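Reading through the structure tokens given below for one structure.
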Amino acid sequence: MRVLPLIALAALAVAPAWSVEPTTTDSFGNPEEPAMRIYKWVANGVLAVPYQTLKGLRDGNMNTPVVGSVEALRGAGIGVIELGNQSWNGLLFAPLEKDEFKQTHKWNEVIDNELLLRNVRDAASTLPLYPVQKLVDKKPAESDEKVRIRLDNAEEIREKRAAAAQERDPYQNLDRRERAQMRYVPGRAEHGLSKKQDTTGNLLKLAK
């Protein structure tokens with residue numbers, strides 16, 4: 001009897017998704033399930049808290065080593081607001097993209113554009129370290145522009161490494177389904193690929 005109310009509540013929560021059309025498909029061509037958006041948004045909101053905290057820690061230390069670590073608290077405040085905002089987006093069954101937890105959304109954007117709201121958010125997240133946070137903002141050891149250049153260079157290096165790893169991949173010319181087959185059932189996959197390439201075996205299977 002305790003489980004039935006929970007089931008009914010879950011059914012009511014996803015009921016609006018019945019009238020929501022899928023907007024994306026996966027790599028296999030399967031349409032998304034709109035009813036899962038609420039869970040995906042909440043999951044992204046939960047991930048946003050540690051992501052924004054670590055991002056603040058990284059950026060703060062790149063601006064001002066050690067003392068700049070206080071920006072981790074600011075990042076945590078941003079992440080908490082993202083949790084609320086993204087959970088709300090889930091209730092609206094809004095479409096979402098991959099890695100939404102790495103983005104900041106409407107609530108944080110409004111706060112960033114209002115000086116008073118921004119200071120309230122920073123004060124609430126940093127508490128007694130708020131003066132240190134403002135000092136780091138006003139007198140950083142390194143400018144935001146230089147930090148951005150360093151981050152862009154690091155991103156470029158990661159992309160080059162990823163491209164080099166992709167070139168070393170013997171299955172790079174296969175589609176996702178064939179790559180998965182080679183990973184999990186290589187013996188059967190190689191047999192199927194050889195038939196496909198050599199046009200041997202049962203030709204009726206090649207007719208499609």
Side-chain angles (χ1 to χ4, degrees), residues 9-10 13-17 20-64 68-114 117-127 129-130 133 136-137 140 144-145 147-163 165-166 176 179-180:
L9 182 61
V14 301
V20 178
E21 295 294 331
T23 58
T24 60
T25 58
D26 61 19
S27 58
F28 296 105
N30 300 314
E32 67 160 338
E33 175 50 66
M36 294 299 296
R37 288 182 185 177
I38 183 171
Y39 305 107
K40 292 177 181 178
W41 274 113
V42 172
N44 275 275
V46 171
L47 291 174
V49 178
Y51 175 80
Q52 293 295 340
T53 301
L54 294 175
K55 181 176 180 294
L57 180 65
R58 180 199 66 187
D59 294 349
N61 275 277
M62 293 185 75
N63 279 112
T64 307
S69 299
V70 69
E71 288 207 32
L73 299 176
R74 168 187 281 169
I78 295 173
V80 169
I81 293 173
E82 280 300 313
L83 173 58
N85 195 167
Q86 298 192 39
S87 299
W88 175 252
N89 289 344
L91 292 175
L92 299 178
F93 293 94
L96 70 165
E97 299 178 357
K98 183 180 179 181
D99 294 339
E100 284 283 357
F101 68 92
K102 295 181 180 180
Q103 309 298 325
T104 53
H105 296 81
K106 183 177 180 179
W107 295 1
N108 269 311
E109 291 171 0
V110 170
I111 292 173
D112 287 335
N113 291 328
E114 294 289 340
L117 294 178
R118 187 167 67 248
N119 284 326
V120 169
R121 182 190 62 192
D122 290 346
S125 59
T126 57
L127 297 176
L129 295 178
Y130 177 70
Q133 176 67 76
V136 171
D137 289 342
D144 290 340
E145 183 179 356
V147 170
R148 178 52 51 193
I149 292 174
R150 290 168 60 189
L151 291 174
D152 289 343
N153 290 338
E155 180 65 24
E156 184 178 350
I157 292 173
R158 285 193 294 269
E159 291 177 354
K160 289 181 178 179
R161 289 177 177 174
Q166 179 70 16
R176 182 178 175 183
R179 289 165 65 90

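Computed from a predicted model, the values in this text were never measured in an experiment. Atoms considered below: every heavy atom in the structure, side chains included; atoms not considered: hydrogens, waters and symmetry mates.
The shortest non-hydrogen separation linking His105 to Asn89 is CD2-ND2, 4.2 Å. Counting all heavy atoms, side chain and backbone alike, Gly77 lies closest to Ser125 at CA-CB, 3.8 Å. Of all heavy-atom pairs between Pro140 and Thr64, the closest is CA-OG1, 3.4 Å. Counting all heavy atoms, side chain and backbone alike, Asn61 lies closest to Ser69 at ND2-OG, 3.0 Å. Across all non-hydrogen atoms, the minimal contact from Gln86 to Gly45 is OE1-N, 3.6 Å.
Distance alone, capped at 3.5 Å, is enough to place a donor-acceptor pair between the Trp41 side chain and the Ala94 backbone.
Residues Glu109 and Asn113 have side chains that never bring a donor and an acceptor to within less than 3.5 angstrom of each other.
One finds the CG atom of Leu83 at 9.5 Å from the CH2 atom of Trp107 (value rounded to the nearest 0.5 Å). Here the CD atom belonging to Glu71 is positioned 6.0 Å from the CG atom belonging to Asp137, to the nearest 0.5 angstrom. From Thr104, atom OG1 reaches atom CG of Asp112 across 6.5 Å, with rounding to the nearest 0.5 Å. To the nearest 0.5 angstrom, Glu100 atom CD is 10.0 Å from Asn85 atom CG. Atom CD of Gln103 and atom CD of Gln52 lie 9.0 Å apart (nearest 0.5 Å). Taken from CH2 in Trp88 to CD in Glu82, the straight-line distance is 15.5 Å, to the nearest 0.5 Å.
Here the side chains of Asn119 and Tyr130 are in contact, with some heavy-atom distance below 4.5 Å. For the pair Leu129/Leu73, a side-chain contact is recorded, criterion being any heavy-atom separation below 4.5 Å from C-beta on. Looking at heavy atoms from C-beta onward, Leu151 lies in side-chain contact with Asp59 at the 4.5 angstrom threshold. Counting heavy atoms from C-beta on, the side chains of Asn108 and Arg121 come closer than 4.5 Å.
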Given the rule in the salt bridge (charged side-chain N to carboxylate O under 4.0 Å, His left out) test, do Arg158 and Glu155 qualify, once you have shown the distances and angles that lead to the verdict?
CA-CA 5 Å; Arg158 285 193 294 269; Glu155 180 65 24; 2.7 Å; yes

